[in-house]
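Here's the structure, in structure tokens; my notes come after.
Chain letters run A, B, ... following the sequence lines, proteins first and then strands; every chain starts at 1.
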Number of protein chains: 2
Amino acid sequence: MANINDIAKRAGVSVSTVSRVLNHHPYVSESKRAAVQRVIDEMDYTPNRLAVDLIRKETRKIGVIMPYNNNQAFDQLLHGVLNRSVELDYTVMVLPTKYDPDREHSCLNMLKNKQLDGIIITSRSNGWEAITPYTKYGTIVACEYTDHPEIGCAYMDRYASYLETFQMLKDKGHTRVAFTTARGEESNSTQLTIKAYQQVFGDLPSEYHIRDCYDMDDGARAAQQLLHLESRPTAVYANGDEVAAGLYQYGKSIELGVPADLAIIGQENQPIGIALRLSTVDHQLVKVGEQAFDLAIEKSKDKVEIPYRIIERYSI
Amino acid sequence: MANINDIAKRAGVSVSTVSRVLNHHPYVSESKRAAVQRVIDEMDYTPNRLAVDLIRKETRKIGVIMPYNNNQAFDQLLHGVLNRSVELDYTVMVLPTKYDPDREHSCLNMLKNKQLDGIIITSRSNGWEAITPYTKYGTIVACEYTDHPEIGCAYMDRYASYLETFQMLKDKGHTRVAFTTARGEESNSTQLTIKAYQQVFGDLPSEYHIRDCYDMDDGARAAQQLLHLESRPTAVYANGDEVAAGLYQYGKSIELGVPADLAIIGQENQPIGIALRLSTVDHQLVKVGEQAFDLAIEKSKDKVEIPYRIIERYSI
DNA sequence: CTGAAAGCGCTAACAT
DNA sequence: ATGTTAGCGCTTTCAG
């Protein structure tokens, strides 16, 4: 593969001149510029980006830390990021962590070893105190709110959202309401969900909280557990529309009326929920992803909130 | 940021020794190794990957060319790729092209400029003759079958799949069957769908082929067009379960019986299809993605076929 | 306007 | 076992 020296030699100029035409610098005579360009075309030359990035100390690459790569919510965030990245001519690396703290560290380390200009954290397993040190090496933006002044945030007000949803359920007369979450108390969203629940309903009977829910099967499993309870809940707030769909399916399968016998509300406004006419709260994750990307490339530490909206359909 | 020279100096050894301990080379005395390691830890040093990759001429990065970043089928392929990438400690860059041939070229060019070791093409807008030249710079594997000996393939036999599906529809007594596709004749899958249709049913009435279908709304629109036809089709083969769901919804909305009045079969076995009990043909795209990744890192040019399976549910 | 030369941070032959 | 040194391919002062 030809390099910049070959081009220089063949064009009868110095490498600096070649570099200048490559980077569209002014002060290059038209004749030399043309000569260089001709050789570049002839030899089908492309500058080596590794060398360029090494010396420029910039990569125009952003990483996206995602625990799972098969989860609708994270996919939405990723799509938002990608939307903006193509517009702004950045490239994005997907960094799955499976919520393994060590893996998460290796990903963050890509900032330190110069592979990335910035990282977007869609969800994390490490505490902030373990993460913030990496801001020394590049921009870090989170898709959740945090006080840390070094971290930019594109977030929705999860607590307000959960609160409003539970309150709405209560207003509709539900007193026994359950909910599902992905992870347990180690997760920020789970903590907020519990807190919001308690705020509205008081004590949380532990059997009303079903963990490890990610897809339809988990939703069905949750329904099964919930519906065989002594004090069977009359409404459940699912952590995603797929899980909600699973709940719905199971309810139907045992001839339960929705929403009469069981009210269901999901999250993220996904096709499956639309198809089943399930109510949902849309956290507008695509927008969150887009905003997060913008913050990342602006190296901004702003905290910007994205509004959520509750979409009432048939299931509630 | 400290570099390898700083470490060498501080540890009282040469850079080669530092490099050796960094890369776990043998023939380093335990005492020096320990000394170097201590300094590395003290100074919190991490080697610059750009410099390493530059000299090693290898990046351990794979790119995935995807026309859209909000399409279930491409997401499945991407998930397959990511599954394997974390196991094998590679990192993957997502390269959205929007089917723009120029964008596609820039992506392929990342091979030439050394940013990537290999590229997986999930779908393309350029002809192979425009793509194969890039194999000179790195591995290219496609998620469709092609003869080109320089291109590895992880594919399913689309033609056989389409043929079998149409034949099944015919065997069930359907004579007026329509289908939807994403792009038009410029797309390989569209061509194969048409060919399979003609093989089974003979001439294709142009109104039985609805293009530009990507999501539920498109499916509903397709249903609307199709169901107002003089010779209304009795079955439709959708290019995805979301589109199938849209067809289903529209059918329901005008009180059509499924499958009595309208049989529907989708593709890719997605949650929405499961929820609606829609029949589908599962091309196992996650597996295709996994296989494509393996081919890419093995720099293999093999053609490996992934089997498809027709899943009959209620809608047909 | 142009070129020489000094790096960027690292690896790997080649000596010793 | 360890050090010296020549690059990898590029950008950017600094002179002229």
Side-chain angles (χ1 to χ4, degrees), chain A residues 1-40 43-61 109-117 137-138, chain B residues 1-40 43-61 109-117 137-138:
Chain A
M1 270 282 297
N3 66 23
I4 199 174
N5 291 296
D6 302 330
I7 304 297
K9 224 163 285 172
R10 203 81 165 229
V13 301
S14 73
V15 294
S16 350
T17 299
V18 177
S19 176
R20 287 189 186 101
V21 349
L22 246 21
N23 296 290
H24 307 99
H25 277 299
Y27 308 128
V28 188
S29 69
E30 192 40 44
S31 63
K32 300 228 172 195
R33 144 163 277 112
V36 168
Q37 191 57 57
R38 184 161 10 85
V39 176
I40 287 177
M43 304 191 64
D44 194 27
Y45 165 75
T46 305
N48 182 318
R49 264 296 286 274
L50 293 173
V52 174
D53 291 350
L54 174 60
I55 199 164
R56 286 224 184 112
K57 298 175 185 325
E58 195 207 18
T59 61
R60 291 186 79 83
K61 293 188 192 17
N109 208 53
M110 296 179 75
L111 244 30
K112 189 168 170 192
N113 68 22
K114 303 307 183 189
Q115 297 192 82
L116 257 23
D117 293 345
Y137 310 112
Chain B
M1 272 281 296
N3 63 26
I4 199 174
N5 292 296
D6 302 330
I7 305 298
K9 223 164 287 173
R10 214 50 185 239
V13 300
S14 74
V15 294
S16 355
T17 300
V18 177
S19 176
R20 287 189 186 100
V21 348
L22 247 20
N23 298 290
H24 307 99
H25 278 299
Y27 309 128
V28 190
S29 69
E30 193 40 45
S31 64
K32 300 230 171 197
R33 142 163 278 111
V36 169
Q37 192 55 57
R38 183 162 10 85
V39 176
I40 287 177
M43 305 191 65
D44 193 27
Y45 165 76
T46 304
N48 182 318
R49 263 296 284 274
L50 293 174
V52 175
D53 291 350
L54 174 60
I55 199 166
R56 285 224 183 112
K57 296 174 188 328
E58 197 207 15
T59 60
R60 291 188 78 84
K61 293 186 190 24
N109 209 53
M110 296 179 75
L111 245 29
K112 190 169 167 189
N113 68 24
K114 304 303 182 192
Q115 298 193 79
L116 256 26
D117 293 346
Y137 309 114

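- Within the 4.0 Å cut-off from OP1 or OP2 of dT2(C), at least one side-chain nitrogen or oxygen of Ser29(A) is found.
- Among the heavy atoms of the strands lying under 4.0 Å from Asn23(B) are primed sugar atoms or P, OP1, OP2 only; no base atom is included.
- Taking 4.5 Å as the limit, some side-chain heavy atom of Asp44(B) sits within range of a side-chain heavy atom of Lys112(A).
- Residue Lys114(B) has no polar side-chain atom (N or O) positioned under 4.0 Å from OP1 or OP2 of dC10(D).
- Computed from coordinates, the Ile4(A) CD1 to dG3(C) C1' distance equals 13 Å when rounded to whole Å.
- Side-chain contact between Leu54(A) and Asp53(B) is absent, with no heavy-atom pair separated by less than 4.5 Å.
- Counting to the nearest Å, the P atom of dG9(C) and the CZ atom of Arg56(A) are 16 Å from each other.
- Between Ile4(A) and Leu22(A), the closest side-chain pair of non-hydrogen atoms falls below 4.5 Å.
- DNA chain D is contacted by both Asn3(A) and Tyr27(B); Tyr27(B) maps to the nucleotide lying nearer its 5′ end (nearest heavy atom per residue).
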- Message: Show, in sequence, the C-alpha distance, side-chain angles and deciding distance for Thr17(B) and Lys32(B), and conclude whether the side-chain hydrogen bond (donor to acceptor under 3.5 Å, both in side chains) test is met.
- Response: CA-CA 8 Å; Thr17(B) 300; Lys32(B) 300 230 171 197; over 6 Å; no
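- Atom-to-atom, CZ of Arg49(A) to P of dC10(D) comes out at 12 Å; the value is rounded to the nearest Å.
- Residues Gln115(B) and Thr59(B) fail the side-chain proximity criterion, which asks for heavy atoms closer than 4.5 Å.
- No side-chain heavy atom of Met110(B) sits under 4.5 Å from any side-chain heavy atom of Lys61(B).
- Glu30(A) has its CD atom 10 Å from the P atom of dT2(C), to the nearest Å.
- Distance, Leu50(B) CG to dT11(D) P: 14 Å, rounded to whole Å.
- As rounded to whole Å, 4 Å separates atom C1' of dC8(D) from atom CG of Leu54(B).
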Nucleotide N/O to protein N/O under 3.5 Å, stretch nucleotides 3-6 of chain D:
from   : atom 1 : to       : atom 2 : distance (Å)
dG3(D) : OP2    : Ser14(B) : N      : 2.9
dG3(D) : OP2    : Ser14(B) : OG     : 3.3
dG3(D) : OP2    : Thr17(B) : OG1    : 2.8
dG3(D) : N7     : Ser16(B) : OG     : 3.4
dG3(D) : N7     : Arg20(B) : NH1    : 3.4
dG3(D) : O6     : Arg20(B) : NH2    : 2.6
dT4(D) : O4     : Ser16(B) : OG     : 2.7

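- Mapping Pro26(B) and Ala51(B) onto DNA chain D by nearest heavy atom places Pro26(B) at the nucleotide closer to the 5' end.
- Asn48(A) places its CG atom 18 Å from the P atom of dG7(D), with the value rounded to the nearest Å.
- Across all strands, Asp53(A) comes closer than 4.0 Å to no nucleic acid atom at all (heavy-atom distances).
- The distance between atom CG of Leu22(A) and atom P of dT12(D), rounded to the nearest whole Å, is 12 Å.
- Side-chain contact between Arg33(B) and Val36(B) is absent, with no heavy atoms from C-beta onward closer than 4.5 Å.
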